[in-house]
Amino acid sequence: MNTVKTIKEIILDGEKNNLIRISDDLSTITYINQNISRNYNNPEEKIQAETFCKLVLKYNYPVEQVKQYVKVTVGSDTKEADIIVYNDSECKKPHIIVECKRTEITEQEFKQAVRQAYAYAYATAGTVKYIWVTSGIKNEYYSFDKEIDSRESVTDIPQYKVEKLANYKFAKNGGTTEDGQQLFPLAKIEESELTNRFKQAHQALWGGGELNPSEAFDELDKLIFCKIFDEQKKRKDGQPYDFQIIKIEPKSKDKQDIEKADEETSENLLKRLISLYEEGKNFGERKNDTEIFREGIKLNAAKARTVVSYLEGVDLLNTDLDSKGRAFETFMGSFFRGDFGQYFTPRNIVGFIVDSLPIEETHRVLDTSCGSGGFLLHALNKVRSAARDFYNWKEGEQETLECHKQWHDFARYNLYGIEINEQISRTAKMNMIIHDDGHTNVVTSDGLIPAADLRTKTNNDGFKENSFDFIITNPPFGSVVKQTEKAYLHQYKLAVKDIDWLNPNSKTSDRPSQSTEVLFIEQAEKYLVEGGYLAIVIPDGILTNSSMQYVRDYISDTFRIVAVISLPQTAFSANGAGVKSSVMFLKKYSYAEKQLRIDLRNKTQNSLISNSEDGKRYFKLLEDKKNSITKINKQLKQAERSNDSETMEFLANKKQTETEEFDEQIESAKESLSELYLEQYKKVLTDYPIFMAIAEDIGYDATGKETGKNELPEISKELAKFIKAIEEGSDHFF
């Protein structure tokens with residue numbers, strides 16, 4: 001059954017070993033030894049089932065000594081302990097109390113669960129030695145002594161028949177201590193669980209009010225970086241990781257000594273994290289990156305320990321790249337949605353755009369408004385996949401040096417991003433690091449400033465004009481740049497009104513403002529090499545509004561229009577934007593080709609003005625209107641001097657009537673000339689095909705819910721063929 005893919009491996013192992021049985025519809029779980037059936041749709045039940053299977057399969061406790069839903073008398077009430085592990089086959093001597101909670105439990109609720117577990121421990125026989133409280137993604141372990149009113153945290157519960165615990169739990173490739181306690185390797189986990197761990201860790205950081213959500217996000221970013229760097233460090237098998245809770249033993253069982261040792265455990269952990277952060281930020285090319293590493297870790301020891309408790313056992317480095325990326329972006333989306341929702345392009349659209357383009361490791365790729373880095377990451381994954389295919393890499397194998405160098409050099413030297421929002425820019429860098437780096441050339445800046453100014457501001461010489469093979473971007477819609485606010489605006493051709501060829505009195509003049517989505521098209525031309533591709537999400541108004549004809553003329557002069565893919569109205573609704581949009585693929589002309597097209601445009605316009613009957617009629621109407629209104633104005637002045645009010649009123653009405661009649665004829669003639677111009681201009685241009693498609697279903701609805709159908713991959717396949725034909729010079733015969 002397909003649904004089995006959503007079941008964790010530990011549960012599948014539990015079924016194979018006849019510990020549990022899950023119904024075909026996944027609604028019921030039966031614990032075979034106790035013959036207890038429960039509702040498997042209950043989130044807490046899933047955690048309890050996983051924990052039960054771990055106790056038997058990972059910690060080796062005999063299933064007969066692991067009892068669930070054990071009635072415990074607490075005061076005057078009878079409660080049920082989730083799981084009790086016994087020291088004897090008769091189940092008379094409780095050894096471990098286990099309390100299971102749902103994954104989304106808050107820190108406050110988790111603390112309450114600890115108190116609840118302690119209450120069960122105090123209510124049972126005096127043989128209980130350990131307490132385990134778990135939400136599946138967070139675990140806390142305690143050594144219990146009924147005679148001591150304290151909570152001594154430990155790193156794990158002991159394996160079956162093991163007397164002495166290790167002071168850490170996770171080591172490279174696992175292993176066993178001299179005392180027989182098993183050490184665990186880091187585990188690769190599913191996307192949904194990783195998303196939950198990120199979310200819960202973030203919630204834990206700001207939930208108490210000490211940090212706001214934005215500050216908490218920054219601190220979590222830093223610790224994720226520490227986690228990845230710790231995994232990258234060289235260590236032998238069996239050596240412990242630094243990014244984990246390592247227990248300091250108390251000097252005695254005195255309550256004060258226990259509490260002091262626990263504080264030292266947290267403080268030592270924070271020191272290790274700070275050391276990892278400092279070492280990692282000065283490693284290789286990172287030492288010059290002052291943006292992502294502008295501040296050190298600002299968390300206190302307790303907060304840092306909380307985050308570590310969610311991430312210490314996870315193998316972030318080797319967790320599937322696509323799942324890892326989706327988890328981080330899903331978490332980011334849940335945090336930033338709203339104020340920053342425009343910075344996140346849905347993955348289906350990102351994938352469609354990048355998959356349609358022939359990006360290779362030798363190409364330079366830029367996103368001029370990169371947000372969280374989705375386009376850059378997909379480009380990196382495309383190049384990495386191609387390298388792995390070329391070198392016949394298999395899942396689970398170590399990449400060869402040649403394979404790694406091929407995609408990593410692309411990430412380091414050829415992948416560029418600009419993001420105006422500082423926090424989002426740092427997040428994009430962290431997103432890159434999570435994907436095995438490539439963050440080096442992501443900078444914080446206004447993507448519309450001149451390239452020379454950007455290089456000076458960022459001290460990055462890579463942002464050169466006429467140097468990028470591909471620009472892939474989804475610029476912010478609806479923002480306006482005013483001449484009075486941005487000194488660079490006058491440098492944009494699209495921020496200047498050209499002479500109107502149908503208005504002999506017009507002159508060039510600055511537009512008071514221009515929309516960002518229009519300016520980003522022109523900025524892309526500046527950065528692209530001749531023959532380079534721009535793939536850009538644009539509002540449909542640029543394609544359809546009559547007031548935007550000058551933008552369409554600019555595009556026609558500057559780029560070959562390769563494709564226009566219409567997206568549904570709901571494409572960006574989940575991010576709070578309802579603007580109907582399309583994806584436009586453009587290929588930059590050479591300078592000579594652009595000048596030729598501009599010359600042909602001017603020649604066609606001048607010919608129509610001078611030689612066509614429509615042109616002669618249009619300008620005769622303008623002259624006739626001028627002469628008629630001039631004559632009436634003279635008559636009005638004479639009537640004014642004579643104080644002839646009746647004649648003045650007659651002439652004023654006549655002027656208005658003749659103006660309206662002339663304007664109607666002039667507008668009609670102007671429209672005819674414009675249509676004739678477009679018709680003749682198209683005739684003199686070299687004709688070429690344009691790939692057009694309408695995507696009605698792109699895999700999700702207005703709420704972001706998956707629809708189960710996505711037309712974009714099929715469109716992408718055909719568009720990729722079309723672009724290949726263009727590059728081979730055979731598109732006219734496509």
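FYI, side chains are in, hydrogens and waters are out, and symmetry mates aren't considered; it's all heavy atoms of this structure.
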*Just checking, is any N or O donor in the side chain of Ser372 or Thr427 under 3.5 Å from an acceptor N or O on the other one?*
no

*Apply side chain to side chain donor-acceptor pair (under 3.5 Å) to Asp461 and list each qualifying residue two or more places apart in sequence or on a separate chain.*
none

Test side chain to side chain contact (heavy atoms under 4.5 Å, CB included) applied to [X] - qualifying residues, sequence neighbours left out:
X: Glu399; result: Arg384, Arg388, Trp393, Cys403, His404, Trp407
X: Glu107; result: Lys138, Ala204, Thr306, Tyr310
X: Asp230; result: Lys233, Arg235, Tyr241, Asp242, Phe243, Leu276
X: Asn710; result: Asn348, Ile698, Leu712, Pro713

Those residues that, when tested against [X], pass salt bridge (charged side-chain N to carboxylate O under 4.0 Å, His left out) (two or more places apart):
X: Glu263; value: none
X: Lys54; value: none
X: Lys303; value: none
X: Glu231; value: Lys227

Can any side-chain N or O of [X] pair as donor or acceptor with the backbone N or O of [Y] at less than 3.5 Å?
X: Asn414; Y: Glu361; value: yes
X: Gln244; Y: Phe170; value: yes
X: Glu219; Y: Lys298; value: yes

List in chain and number order the residues that pass ring-ring contact (aromatic ring centres under 6.0 Å, His included) with [X], two or more places apart in sequence or in another chain; answer none if no residue qualifies.
X: Phe477; answer: none
X: Phe470; answer: His363, Tyr533
X: Tyr413; answer: none

_Sidechain N-carboxylate O distance under 4.0 Å for Arg305, Glu140_ = no

